[in-house]
Amino acid sequence: MARQKEQARAAGKFKMAANLDYEGSITHFHGYDRLEARGNILALYRDGTAVNELVEGEIGVVVLDDTPFYAESGGQVGDRGELRSTHGIFTVEDTQKIQSAVFGHHGVVTTGKLTVGNGVSARVDTVARARTARNHSVTHLMHKALREVLGGHVQQKGSLVDPDKTRFDFAHTQPMSDDEIARVERIVNAEIIANAATLARVLTIEEAQKTGAMMLFGEKYGDEVRVLDIGSSRELCAGTHVARTGDIGLFKIVVESGVAAGVRRVEAITGDNAVAWMQQQNARLAEIAAQLHAQPAEAAARVAQIMDNVKSLEKELARLKSKLAASQGDDLAAQAADVNGAKVLAAVLEGADVATLRETLDKLKDKLGSAVIVLASAADGKVSLIAGVTTDLTARAKAGELVNFVAQQVGGKGGGRPDMAQAGGTDASRLPSALASVKAWAQSKL
């Protein structure tokens with residue numbers, strides 16, 4: 001049954017109800033005033049086809065004449081909850097509009113059966129609705145605060161309001177700074193603390209325009225609209241909201257990002273979700289402070305101190321690597337072979353990174369004079385190669401060709417300038433034979 005509920009929830013995302021063929025009475029919505037209502041089943045659908053009955057375990061859509069369930073609209077997700085009749089229980093996972101005034105309750109029969117004509121008790125999930133209402137109401141306050149902080153050019157470009165968060169897209173050309181985010185949070189939380197009552201009025205579109213209510217660009221409005229006053233915000237909105245701003249509890253922006261050219265996105269949380277998030281952040285800070293052997297208030301200073309130490313150690317490491325390169329250069333120079341008046345050297349430097357290989361190459365060029373050189377290192381099966389040819393020999397032997405010649409033997413490729421080139425490989429086991437072939441390559445060129 002749990003699997004069936006998950007399938008019903010997933011299927012709801014395809015907005016199955018929007019494609020149903022329905023002819024009949026409209027749905028009367030009572031969800032502004034109450035979260036439970038009596039209704040009668042007007043129609044049932046299974047796999048998109050009208051049926052007279054849904055039985056236990058079947059996924060389907062229920063149309064009622066009266067419902068407290070909000071159908072997804074204006075960025076607010078549809079309600080979930082339960083329908084109960086004397087014959088069965090239907091778990092509602094999503095509510096969608098089949099037509100503008102016909103609501104489809106999408107879900108699964110968890111017990112018994114439902115039949116067209118049955119009376120049901122429709123009960124909305126009160127926790128999910130309360131969280132959604134908090135997030136929707138705070139979206140209005142946040143929209144106004146964004147315009148106040150960032151400028152009047154801020155316009156809503158999209159939104160999603162569900163029990164977990166509010167996601168709001170708006171016109172703005174650059175990322176918000178930490179200070180701007182903090183200012184928006186202060187403005188919104190001040191509105192919450194003021195605990196002003198929410199006022200909803202149904203007016204004609206002309207009356208609504210006279211009130212100065214914000215109308216969203218691109219939205220289609222009917223002859224009558226719902227004007228919603230939340231704190232200092234006044235917008236047209238048909239969604240469900242808190243009774244007072246204080247019901248929102250707490251507001252926190254958790255994500256700010258870009259989604260398209262000239263469009264930014266913020267995600268925010270409210271109420272118990274915001275409290276839980278802050279407690280998690282405090283727990284993480286306490287864990288970090290414990291690892292640093294510091295109090296949470298001292299954690300930032302302790303991290304800064306550690307970073308200074310890391311930078312100092314990195315400088316010391318670079319100095320030691322340079323010293324190592326110099327000493328290795330002296331040892332390697334003695335291994336160079338004479339080929340037609342030039343020195344040819346191919347060698348492995350254990351534990352060397354690319355920077356050390358390059359520095360050692362430069363020192364060997366200076367020490368050997370006229371030379372063809374390949375240096376290599378291997379770690380975790382990966383091969384790093386660097387080749388160098390002194391300028392007096394580049395007309396005949398080019399470093400890019402040489403490093404590619406060696407790299408191909410160890411499962412890689414590379415290239416570069418005639419006097420210096422780099423490459424990589426994936427087969428360290430073939431490195432000794434690849435380096436051994438360098439002398440013959442040099443003989444063919446020189």
(message) Tell me whether E401 contacts the main-chain N or O of K398 through its side chain, where contact means a donor paired with an acceptor under 3.5 Å.
(response) no
(request) Sequence neighbours left out, what passes salt bridge (Lys or Arg N to Asp or Glu O under 4.0 Å) with E207? Give chain and number order. (result) none
Which atom pairs, donor and acceptor, lie under 3.5 Å between side-chain atoms of residues 405-420 and protein residues at least two apart or in another chain?
residue: Q409; atom: NE2; partner: F405; partner atom: O; Å: 3.2
residue: Q409; atom: NE2; partner: S437; partner atom: OG; Å: 3.0
residue: R417; atom: NE; partner: D419; partner atom: OD1; Å: 3.0

(message) Given 3.5 Å as the limit, does a donor-acceptor pair link the side chain of R167 with the main chain of E267, or not?
(response) no
(message) Once rounded to the nearest 0.5 Å, what's the spacing between atom OG of S25 and atom CG of L64?
(response) 12.0 Å
(message) For D223, I'd like to know if atom CG has over 12 heavy atoms of other residues, nucleotides or ligands within 6.0 Å.
(response) no
(message) Quick check for you: to the nearest 0.5 Å, what is the distance between F251 atom CZ and I192 atom CD1?
(response) 7.5 Å
(request) Walk me through it: do F170 and V266 pass the test side-chain contact (heavy atoms from CB on, under 4.5 Å)? (result) CA-CA 8 Å; F170 60 97; V266 290; 3.9 Å; yes
(message) Between R84 and E82, does any side-chain N to carboxylate O distance fall below 4.0 Å?
(response) yes
(message) Please tell me whether T356 and D353 have a donor and an acceptor in their side chains that are separated by less than 3.5 angstrom.
(response) yes
(request) Ignoring hydrogens and angles, state whether a donor on the side chain of E72 or T95 is under 3.5 Å from an acceptor on the partner side chain. (result) no
(request) Look at the side chain of D229 and the backbone N and O of R234, then say whether any donor-acceptor pair between them is shorter than 3.5 Å. (result) no
With a cut-off of 3.5 Å and sequence neighbours excluded, list every side-chain donor-acceptor pair involving residues 112-123.
residue: K113; atom: NZ; partner: E53; partner atom: OE2; Å: 3.3
residue: T115; atom: OG1; partner: E53; partner atom: OE2; Å: 3.4
residue: N118; atom: OD1; partner: T115; partner atom: N; Å: 2.9
residue: S121; atom: OG; partner: E36; partner atom: OE2; Å: 3.1
residue: R123; atom: NH2; partner: E36; partner atom: OE2; Å: 3.4

(message) Within the supplied structure, the quantity of interest is the number of heavy atoms (other residues, nucleotides, ligands) at a distance under 6.0 Å from D178 CG; does it exceed 12?
(response) no
(message) For V51 versus R46, what's the shortest heavy-atom pair and its separation?
(response) CG1-NH2, 3.7 Å
(message) If we ignore hydrogens and angles and just use 3.5 Å, is the side chain of H105 paired with the main-chain N or O of V62 as donor and acceptor?
(response) yes
(request) For N195 and G246, indicate whether the former's side chain and the latter's backbone hold a donor-acceptor pair under 3.5 Å. (result) yes
(request) Check the pair L357 / L349 against side-chain contact (heavy atoms from CB on, under 4.5 Å), numbers first and verdict last. (result) CA-CA 8 Å; L357 290 177; L349 271 67; 4.1 Å; yes
(request) Decide yes or no on salt bridge (charged side-chain N to carboxylate O under 4.0 Å, His left out) for E314 and K311, but give the supporting numbers first. (result) CA-CA 5 Å; E314 286 175 343; K311 290 177 182 177; over 6 Å; no
(request) To the nearest 0.5 angstrom, please state how far the CD1 atom of I41 sits from the CG atom of D65. (result) 10.0 Å
(message) Under the rule for ring-ring contact (aromatic ring centres under 6.0 Å, His included), what residues qualify as partners of H153, not counting sequence neighbours?
(response) H172
(message) Using the side chain to side chain contact (heavy atoms under 4.5 Å, CB included) criterion, which residues pair with T126? Sequence neighbours excluded.
(response) L35
(request) Write out all pairs satisfying salt bridge (Lys or Arg N to Asp or Glu O under 4.0 Å) with one or both partners inside residues 420-430, taking only residues at least two apart or from two chains. (result) none
(request) Identify the two heavy atoms, one from Y70 and one from G239, that lie closest to each other, and give their separation to 0.1 Å. (result) OH-CA, 3.6 Å
(message) On a heavy-atom basis, which atom in A387 and which in V403 lie closest, and how many Å separate them?
(response) CB-CB, 3.8 Å
(request) Go through the steps for V255 and R265 under the test side-chain contact (heavy atoms from CB on, under 4.5 Å), then give the verdict. (result) CA-CA 8 Å; V255 175; R265 169 175 291 174; 6.0 Å; no
(message) Can you give me the closest heavy-atom contact between G48 and L20, atom names plus distance?
(response) CA-CD2, 3.5 Å
Tell me which donor-acceptor pairs under 3.5 Å the side chains of residues 133-148 have, and how far apart each pair is, sequence neighbours excluded?
residue: R134; atom: NH2; partner: D272; partner atom: OD1; Å: 3.2
residue: N135; atom: OD1; partner: T270; partner atom: OG1; Å: 2.6
residue: N135; atom: ND2; partner: R131; partner atom: O; Å: 3.3
residue: N135; atom: ND2; partner: D162; partner atom: O; Å: 2.8
residue: N135; atom: ND2; partner: P163; partner atom: O; Å: 3.4
residue: N135; atom: ND2; partner: K165; partner atom: O; Å: 3.4
residue: H136; atom: ND1; partner: Q76; partner atom: OE1; Å: 2.6
residue: S137; atom: OG; partner: A133; partner atom: O; Å: 3.1
residue: S137; atom: OG; partner: H241; partner atom: ND1; Å: 2.9
residue: S137; atom: OG; partner: V242; partner atom: N; Å: 3.1
residue: T139; atom: OG1; partner: N135; partner atom: O; Å: 2.6
residue: T139; atom: OG1; partner: T166; partner atom: OG1; Å: 2.6
residue: H143; atom: ND1; partner: E235; partner atom: OE2; Å: 3.2
residue: R147; atom: NH1; partner: G152; partner atom: O; Å: 3.1
residue: R147; atom: NH1; partner: V154; partner atom: O; Å: 2.7

(message) I'd like to know if the side chain of H30 pairs up with that of D66 as donor and acceptor (distance under 3.5 Å, no hydrogens or angles considered).
(response) yes
(message) Can you list everything that forms a ring-ring contact (aromatic ring centres under 6.0 Å, His included) with Y32? Sequence neighbours excluded, please.
(response) F29
(request) Please confirm whether the backbone N or O of A196 pairs with a side-chain atom of T245, one donor and one acceptor, at under 3.5 Å? (result) yes
(request) Taking the side chain as every heavy atom from C-beta outward, state whether Y22 and V63 have any pair of such atoms under 4.5 Å apart. (result) yes
(request) Give every residue pair that meets the ring-ring contact (aromatic ring centres under 6.0 Å, His included) criterion with at least one member in residues 76-96, sequence neighbours excluded. (result) none
(message) Is a donor from one side chain sitting under 3.5 angstrom from an acceptor on the other, for E191 and N189?
(response) no
(request) Sequence neighbours left out, what pairs pass side chain to side chain donor-acceptor pair (under 3.5 Å) with at least one residue falling in residues 246-258? (result) E185-K252, E256-R264
(message) Tell me the closest heavy-atom pair linking R183 and R186, and the distance in Å.
(response) CG-NH2, 3.1 Å
(message) Once rounded to the nearest 0.5 Å, what's the spacing between atom CG of L44 and atom CG of L54?
(response) 4.5 Å
(message) Tell me the closest heavy-atom pair linking G74 and S159, and the distance in Å.
(response) O-OG, 3.9 Å
(message) Taking atom CD as the centre, does E23 end up with more than 12 heavy-atom neighbours from other residues, nucleotides or ligands that are less than 6.0 angstrom away?
(response) no
(request) Nearest 0.5 Å please: distance from the CD1 atom of I253 over to the CD atom of E180. (result) 10.5 Å
(request) For D125, enumerate each residue passing the salt bridge (Lys or Arg N to Asp or Glu O under 4.0 Å) test, keeping only those at least two apart in sequence or located in another chain. (result) R80
List the atom pairs, donor and acceptor, that lie under 3.5 Å between side-chain atoms in residues 287-304 and the rest of the protein, sequence neighbours left out.
residue: E298; atom: OE1; partner: Q295; partner atom: N; Å: 3.4
residue: R302; atom: NE; partner: L292; partner atom: O; Å: 3.3
residue: R302; atom: NH1; partner: Q305; partner atom: OE1; Å: 2.8

(message) Distance check, rounded to the nearest 0.5 Å: L199 atom CG versus L228 atom CG?
(response) 8.0 Å
(message) Show, in sequence, the C-alpha distance, side-chain angles and deciding distance for L385 and V383, and conclude whether the side-chain contact (heavy atoms from CB on, under 4.5 Å) test is met.
(response) CA-CA 7 Å; L385 296 167; V383 178; 3.9 Å; yes
(request) Return yes if some donor-acceptor pair links the side-chain N/O of T211 with the main-chain N/O of A208 below 3.5 Å, else return no. (result) yes
